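All values below were derived from every heavy atom in this structure, side-chain atoms included, with hydrogens, water molecules and symmetry-related copies excluded. Source: prediction; values computed, not measured. In what follows, every chain begins at residue 1, and chains take the letters A, B, ... in the order their sequences are listed.
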Amino acid sequence: MDKVTDNTPRVRTRFPPSPTGALHLGGARTALFNWLFARHHGGEFVLRLEDTDRKRSKDEHVEGILAAMDWLGLDYDEGPFYQTKRLERYREAIDQLLEQGRAYWCHCSPEDLTKKREAAMAVGGKPMYDGACRDKNLGPAPGAVVRYKGPRTGSTSFNDLVKGPITFENKEMDDLIILRSDGWPTYHLAVVLDDIDMGITHVIRGDDHVNNTPRQILLYQALDAELPQFAHVPMILGPDKTKLSKRHGATAVMDYQEMGYLPEAMLNALARLGWSHGDQEMFSRQELIDYFGLKTVGRSAAVFDTDRLLHLNQRYIQESDPTRLAELLPPFLAARGIADYDQAVLLACLPELTPRAKTLVELADWAEPYLVDEPEMDPKAVKKFLGQEQVTVLERVVALVEAKGTGDSEALEQGVREIAEQMDLKLGGVAQPVRVALTGRTFSPGIFEVMGFLGDERVKARLNRALAIAAK
RNA sequence: GUCCCCAUCGUCUAGCCAGGUCCAGGACACCGGCCUUUCACGCCGGCGACACGGGUUCAAAUCCCGUUGGGGACGCCA
């Protein structure tokens, strides 16, 4: 029994995406859980690119995945490692298995295999490899592959950290290919060997891997390695409850960055899919780390709810520091053709805008009238609020602004209320025309606040422009 | 088809492991109201679920079995 000085197995988790596409929500959640688990236990988190599929792996996808990890703030202690750089190691292991009789060469052609698979299905069986070459003692040949020689009897079980004990009959598993005819190892062999070599202690991955686990356990045993702990987290489904895919709309993490979401909102939404901490809805990064645990991860699949994400984003925007928001906004403003603007005005209007915007895209939209010289006038707003009937009101407001300036919003409000009273109008009767004059729109923060961050000159110019329109 | 997994409001979930305090709590969405110079924010209220059937038990959302339903896996993809 040991004490403080012992080397209690340190926690080492990993996230092994395959660079065959962008980082999608499911992958991001898996990455997050692994990251949280490692951080929570003061362990290490490793990033590894599983690029043995030479046909589909692309450098651009590697870039994209790294960018997404960075955006989410999921930093790794080691890596990224590339499986393509470990070819020697894989071959060495395969040779060893071959020598020990734990693997064998198989000459069956892909066509034959397909045929056999279909035949098995037709009879109502599982489309497994029939082991035709298992005992033929064949050697290497062009087009040949190496298969792991698995046990045909007995069973393999493991204690899943989220699902509990799971058992598979060995006869349900066929001899899987570990070396392809193109000379590259397959996923099963590569993951197992990598996880062994990289000292991974906990394999946290998607539910869709539970079936792979027993066969991988067999490989660990064949390689005389110690088993890591396994934890399979439930899948993320689309609104129709089927595996989330592109046809469900935006599934790539970076799509959400473009749509104006904050990384902390995404992190929170992802974390709460399958995991919870009582009734708490929002978590800081540190709280996530402090509270995360595999015992509180649920077992059933979850539907990704964009309404929830949107709501979370709104809350995070509300809580965000204007300075930070201002730093994130340029790309979204540029998308609307706003490149040159007064940073001070942006900073001034932001506090009024954050309770109104759910995304950075919306925030940019709300800010536009205050950052451009002449806001675009909404025709409908003009028609409704800038007509002959409003000329007098506008004239009086111009006079008011000229007399008092825009600095003192209390005095302004008092003045506007007086105008309304004198003209027998409701406050809105004055406010709406002014609002349209100032912003070109029928909705905005309070008009006195707007005047405040627009300043005397622009307020007067816009009021006069509106007056000209109304007088026509 | 075979194997594996799962099953609380439309959605995310708390509660389940250690049965009673649950005629089931929170959040999103939705509906209504309040606030109000517009739009939001905010506040108040409403709608809304233990899949079904058997057990076990004084007592079951909680334990057991079955059924149904859903998902996943069955690749020289990962």
Side-chain angles (χ1 to χ4, degrees), chain A residues 16-21 50-53 55-57 83 106 108-110 113-114 117 120-128 143-147 160 163-164 166-169 172-174 176-182 184-188 190-191 205-214 232 234-235 237 239 241-243 269 272-282 295 298-312 314 318 352-358 366 381 385 413 416-417 420 426-432 434-436 439 441-448:
Chain A
S18 157
T20 52
E50 309 218 321
D51 54 355
T52 55
D53 182 338
K55 293 190 200 68
R56 297 193 293 160
S57 294
Q83 293 190 322
C106 170
C108 294
S109 69
L113 295 174
T114 309
R117 225 172 269 132
M121 284 269 237
V123 199
K126 208 173 184 176
M128 305 194 301
V145 301
V146 173
R147 286 181 186 272
D160 193 286
K163 292 178 181 295
I166 297 178
T167 300
F168 284 80
E169 292 301 319
E172 295 294 339
M173 299 183 264
D174 60 3
L176 46 77
I177 291 172
I178 54 178
L179 180 70
R180 286 192 277 248
S181 59
D182 67 1
W184 286 93
T186 57
Y187 161 72
H188 291 287
V191 239
R205 69 221 313 196
D207 228 354
D208 48 346
H209 281 288
V210 296
N211 294 274
N212 293 331
T213 305
H232 291 94
M235 313 236 66
L237 311 176
K241 306 237 184 182
T242 61
K243 198 174 182 178
R272 283 299 318 281
L273 274 189
W275 174 80
S276 61
H277 181 70
D279 282 337
Q280 189 167 338
E281 301 287 348
M282 287 176 73
K295 326 93 224 143
R299 291 120 308 180
S300 52
V303 173
F304 185 72
D305 185 3
T306 49
D307 278 333
R308 235 185 132 67
L309 209 215
L310 193 59
H311 174 256
L312 247 5
Q314 174 177 30
Q318 287 173 180
E352 288 298 324
L353 270 24
T354 47
R356 296 171 163 80
K358 294 185 195 307
W366 277 97
F385 296 109
E413 177 159 1
V416 166
R417 283 188 188 277
K426 286 185 182 172
L427 228 207
V430 182
Q432 282 304 79
V434 170
R435 186 185 316 284
V436 175
T439 69
R441 308 174 179 188
T442 56
F443 53 88
S444 78
I447 54 170
F448 306 114

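For A:Phe168 and B:C4, the CZ to P distance is 7 Å, given to the nearest whole Å. Between the CE atom of A:Met235 and the P atom of B:G72 there is a distance of 8 Å, rounded to whole Å. Rounded to whole Å, atom C1' of B:G72 lies 14 Å from atom CZ of A:Arg205. A straight line from NZ of A:Lys163 to P of B:G72 spans 13 Å, rounded to a whole angstrom. The CG-C1' distance, from A:Asp207 to B:A7, rounds to 13 Å in whole Å. Protein atom CD of A:Gln314 is 11 Å distant from nucleotide atom P of B:A40, rounded to whole Å.
For A:Arg308, the side chain to side chain donor-acceptor pair (under 3.5 Å) partners two or more places apart in sequence, or in a different chain, are A:Glu281. For the side-chain contact (heavy atoms from CB on, under 4.5 Å) test, residues two or more places apart in sequence or in another chain that qualify with A:Ile166 are A:Phe158, A:Asp160, A:Lys163, A:Phe168. In terms of the side chain to side chain donor-acceptor pair (under 3.5 Å) criterion, A:Ser276 has no residue partners (sequence neighbours excluded).
Taking a pair to require two hydrogen-bonding distances under 3.5 Å in either a Watson-Crick or a G-U wobble arrangement, B:G53 pairs with B:C65. Base-pair partner of B:G48: not found among the strands shown (Watson-Crick or G-U wobble, both distances under 3.5 Å). For B:G42, the paired base is B:C34 (Watson-Crick or G-U wobble, both distances below 3.5 Å). The partner of B:U2 is B:A73, by the rule that a Watson-Crick or G-U pair needs both atom distances under 3.5 Å. Base pairing annotation: B:A27 forms a Watson-Crick or G-U wobble pair with B:U11, both donor-acceptor distances under 3.5 Å.
Side-chain polar atoms of A:Arg147 and A:Thr186 form no donor-acceptor pair below 3.5 angstrom. A:Arg435 and A:Ser444 are linked by a side-chain donor-acceptor pair at a separation below 3.5 angstrom, with hydrogens and angles left out of the test.
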Short heteroatom pairs, N/O only, protein and nucleotides 10-19 of chain B, under 3.5 Å:
| residue | atom | partner | partner atom | Å |
| --- | --- | --- | --- | --- |
| B:U11 | OP1 | A:Lys241 | NZ | 2.9 |
| B:C12 | OP1 | A:Val303 | N | 2.7 |
| B:C12 | O2' | A:Arg272 | O | 3.0 |
| B:U13 | OP1 | A:Gly274 | N | 2.3 |
| B:U13 | O3' | A:Ser276 | OG | 3.2 |
| B:U13 | O2' | A:Arg272 | NH2 | 3.3 |
| B:A14 | OP1 | A:Ser276 | OG | 2.7 |

Please produce a list of atom pairs where a protein N or O lies less than 3.5 Å from an N or O of nucleotides 35-37 of chain B.
| residue | atom | partner | partner atom | Å |
| --- | --- | --- | --- | --- |
| B:U37 | OP1 | A:Arg417 | NH2 | 3.4 |
| B:U37 | O2 | A:Arg435 | NH2 | 2.4 |

Could you write out each protein N or O paired with an N or O of nucleotides 74-78 of chain B at a distance under 3.5 Å?
| residue | atom | partner | partner atom | Å |
| --- | --- | --- | --- | --- |
| B:G75 | OP2 | A:Arg117 | NE | 2.8 |
| B:G75 | OP2 | A:Pro127 | O | 3.2 |
| B:C76 | OP2 | A:Arg117 | NH2 | 3.4 |
| B:C76 | O2 | A:Ser181 | N | 2.9 |
| B:C76 | O2 | A:Ser181 | OG | 2.6 |
| B:C76 | N3 | A:Ser181 | OG | 3.1 |
| B:C77 | OP2 | A:Arg180 | NE | 2.7 |
| B:C77 | OP2 | A:Arg180 | NH1 | 2.1 |
| B:C77 | O5' | A:Arg180 | NH1 | 3.2 |
| B:C77 | O3' | A:Arg180 | NH1 | 3.3 |
| B:C77 | O2' | A:Asp53 | OD2 | 3.0 |
| B:C77 | O2' | A:Arg56 | NH2 | 2.8 |
| B:A78 | OP1 | A:Thr52 | OG1 | 2.7 |
| B:A78 | OP1 | A:Arg180 | NH1 | 3.0 |
| B:A78 | OP1 | A:Arg180 | NH2 | 3.1 |
| B:A78 | OP2 | A:Tyr187 | N | 3.0 |
| B:A78 | O3' | A:Glu50 | OE1 | 2.6 |
| B:A78 | N6 | A:Asn212 | ND2 | 3.4 |
| B:A78 | N1 | A:Asn212 | ND2 | 3.3 |

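The shortest distance between the side-chain N/O atoms of A:Lys358 and the OP1/OP2 oxygens of B:A40 is not below 4.0 Å.
Within 4.0 Å (heavy atoms only), A:Ile166 reaches sugar-phosphate atoms of the nucleic acid but no base atom. Among the atoms of the strands shown, none is found under 4.0 Å from any heavy atom of A:Trp184. Among the atoms of the strands shown, only primed sugar atoms or phosphate atoms (P, OP1, OP2) are found under 4.0 Å from some heavy atom of A:Thr242. Counting non-hydrogen atoms under 4.0 angstrom, A:Gln280 reaches nothing in the nucleic acid.
Glycosidic conformation of B:C41: syn, with the torsion inside 90° of 0.
The pair A:Lys243-A:Asp208 counts as a salt bridge, with a side-chain nitrogen and a carboxylate oxygen less than 4.0 angstrom apart. Residues A:Asp53 and A:Lys55 are not paired through a salt bridge, judged by the lack of any N-O separation under 4.0 Å between the basic side chain and the carboxylate.
Taking the six-membered ring for Trp and thresholds of 30 and 60 degrees, A:Phe443 and A:Trp366 have ring planes more than 60 degrees apart, a perpendicular arrangement.
Judged purely by atom type and a 3.5 angstrom limit, A:Arg417 has no side-chain atom pairing as donor or acceptor with the backbone of A:Ala420. In this structure a side-chain-to-backbone donor-acceptor pair under 3.5 Å is present from A:Asp51 to A:Gln83. A donor-acceptor pair under 3.5 Å is absent between the side-chain atoms of A:Glu50 and the main chain of A:Tyr187, judged by distance alone.
B:G70 and B:C28 have their C1' atoms separated by 23 Å, with the value rounded to a whole Å. For the P atoms, the distance from B:A59 to B:G19 is 15 Å, rounded to whole Å. When the C1' atom is used for both B:U21 and B:U67, the distance is 33 Å, rounded to whole Å. To the nearest whole angstrom, the two C1' atoms, one in B:C31 and one in B:C9, are 15 Å apart. Rounded to whole Å, the separation between the C1' atoms of B:G33 and B:G25 comes to 24 Å. To the nearest whole angstrom, the two P atoms, one in B:C6 and one in B:A14, are 15 Å apart. Comparing the P positions of B:A49 and B:A24 gives a spacing of 9 Å, expressed to the nearest Å. The separation of B:C65 from B:C58, taken at their C1' atoms, amounts to 22 Å, rounded to a whole angstrom.
For the side-chain hydrogen bond (donor to acceptor under 3.5 Å, both in side chains) with A:His209, the lone residue among A:Asn212, A:Asn211, A:Thr213 that qualifies is A:Asn212.
A:Met235 contributes atom CE, which lies 14.5 Å from atom CZ of A:Phe304 (distance to the nearest 0.5 angstrom).
For the pair A:Thr242 and A:Leu237, the minimum side-chain heavy-atom distance is 4.5 Å or more.
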